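See structure below.
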Amino acid sequence: MRAIALLAVATSVSFAQDARERATDPLGRLDPSTRFAVEMLMDSARLVGLPHGPLESKALEGISKRASGRDILVAVRRVYRALREARMALGPSATTDELTAATGALRVGIPASELSRLAATRTGKPLTVPLVVLADLVTRGVPRDTASVTIFQLFQRGAADDDFLGLWRSVERDIVSGTDPGVALLNRAREIPTKGTSSAVPPASGVRPDDAKS
Amino acid sequence: MTDEFDSLDPNVRWIVTEARRPVPVDAAARARVIDAIKAEPVPSRGLGLVTWLSEPHRLALPPFATAALAAGLVGIGVLGGLAINRDGRSAAGQLPAVAVGQPQLPDSLSPRAVKFVLIAPQATNVSLVGDFNGWDSGATPMKTSGGTWTVFVPLHPGLHTYSFVVDGTHFVSDPTAPIAPDDGFGHRSSVVLVRKPSL
């Protein structure tokens, strides 16, 4: 009985210690060479004024998903390059969230030049939500050009973050219902009134979701 | 002089000797110092209560009273924590607007309680992982009610990437949230934007 109690205590202490170690040294579960490379990348990011949090987070994500050290390092390097490219595209005033959102857009193939164009028209408005929605729509199958042009036009014409979020929800529902992703985006974008215009996007051809259901 | 002194370096011996040499003091010096101290104005002690409150005081308690006081403080902390965690709301009843996996604007630094929901009736355990908990699958377990898994997590305003872990091994994205691009490990994560509290 005493042995069982001692074993239970030792186990709980071990778990607690493991949790404490994870909290104090989250990268401790990486093999030494991967850890060294990841930390070098984080240091490089700090030196050039890039946020290092996304790099560490990507490494921890890889640990959590039991990825190999090599895959983790590849993923972290990809994030580093994307952050650097995002910074060049959005400019030095871009926030960490904007940079992170931009890396998602770059990841799905949106050219950096498109991001620069978006940043040039921002006039103080944050880019985070439009970029997140853009990346999501492309991931769901909306053609890259259609998505970037539509989002860009909506942003330029003053669409608010709530408009983009509502657009995303509507398009997502339409896609799940079977509408072509590109058509769904164009149809729903027409419904968004923006400053000075009745709709942000010219009428598009294609079947509206309501028509498709009847 | 002791043997220890003799064993010192000659330069050190000289310094020690000089340091030990009595300093000649003017006989009236002590009186001048005392007079100078008396001439200094006495500092104002201010209001008695303010002074008492600002000065340190030693409080002596018997061990039993000390234990009772400590237990009381711990109890207050536990009750406060239970009041907050019972249903994800603070005892004061004021909860910032929650986002059920819905993106919101990032702005200030105050954390806000965000509700995460996954409907997984077949799962035996579900946890939430993301950049806010180091992707630690043991950090944020979710609770189930009829197969609907829920957890409230305080998140700082901003963009967060997350995923659900079902039965310890399956990483599942949130069907109600925007998708994060390929994570580089063969899974899809989700994105949540947390707004700052409106004033």
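Everything quoted here is computed from the prediction, not taken from an experiment. A note on names: the letters A, B, ... follow the listed sequences, proteins ahead of strands, and every chain is numbered from 1. Computed over heavy atoms, backbone and side chain alike; hydrogens, waters and symmetry mates excluded.
In this structure, chain A has no heavy atom under 4.5 Å from any part of B:Asn133. Contacts of A:Glu56 with chain B are absent, with no heavy-atom separation under 4.5 Å from either backbone or side chain. Contacts between A:Ala101 and chain B at a heavy-atom distance below 4.5 Å involve backbone atoms as well as side-chain atoms.
Side chains of A:Val129 and B:Leu193 form a contact here, defined as non-hydrogen atoms less than 4.5 Å apart. Using a 4.5 Å cut-off on side-chain heavy atoms (C-beta onward), A:Glu61 and B:Ser189 make contact. A:Lys58 has its side chain out of reach of B:Asp131: every pair of non-hydrogen atoms, C-beta onward, lies at least 4.5 Å apart.
Heavy-atom minimum distance, B:Ala177 versus A:Trp168: C-CZ2, 3.3 Å. Considering every non-hydrogen atom in both A:Arg107 and B:Pro181, the closest pair reads CG-CB, 3.6 Å.
In terms of modelled atom types and a separation under 3.5 Å, the side chain of A:Lys65 and the main chain of B:Phe171 share no donor-acceptor contact.
Here side chain to side chain donor-acceptor pair (under 3.5 Å) pairs that include residues 33-44 of chain A, with residues two or more places apart or in two chains, are A:Asp25-A:Arg35, A:Asp31-A:Ser33, A:Asp31-A:Thr34, A:Arg35-A:Glu39, A:Asp43-A:Arg46.
Atom CG in A:Asp97 sits 7.5 Å away from atom NE2 in B:His160 (nearest 0.5 Å). Annotation: the span from A:Asp136 atom CG to B:Ser190 atom OG amounts to 9.0 Å, rounded to 0.5 Å. With rounding to the nearest 0.5 angstrom, the OG1 atom of B:Thr176 is 9.5 Å from the CZ atom of A:Arg169.
In this structure, A:Arg140 places its CZ atom where more than 12 heavy-atom neighbours from other residues, nucleotides or ligands lie under 6.0 Å away.
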Which atom pairs, donor and acceptor, lie under 3.5 Å between side-chain atoms of residues 68-84 of chain A and protein residues at least two apart or in another chain?
| residue | atom | partner | partner atom | Å |
| --- | --- | --- | --- | --- |
| A:Ser68 | OG | A:Asp71 | N | 3.1 |
| A:Ser68 | OG | A:Asp71 | OD2 | 3.4 |

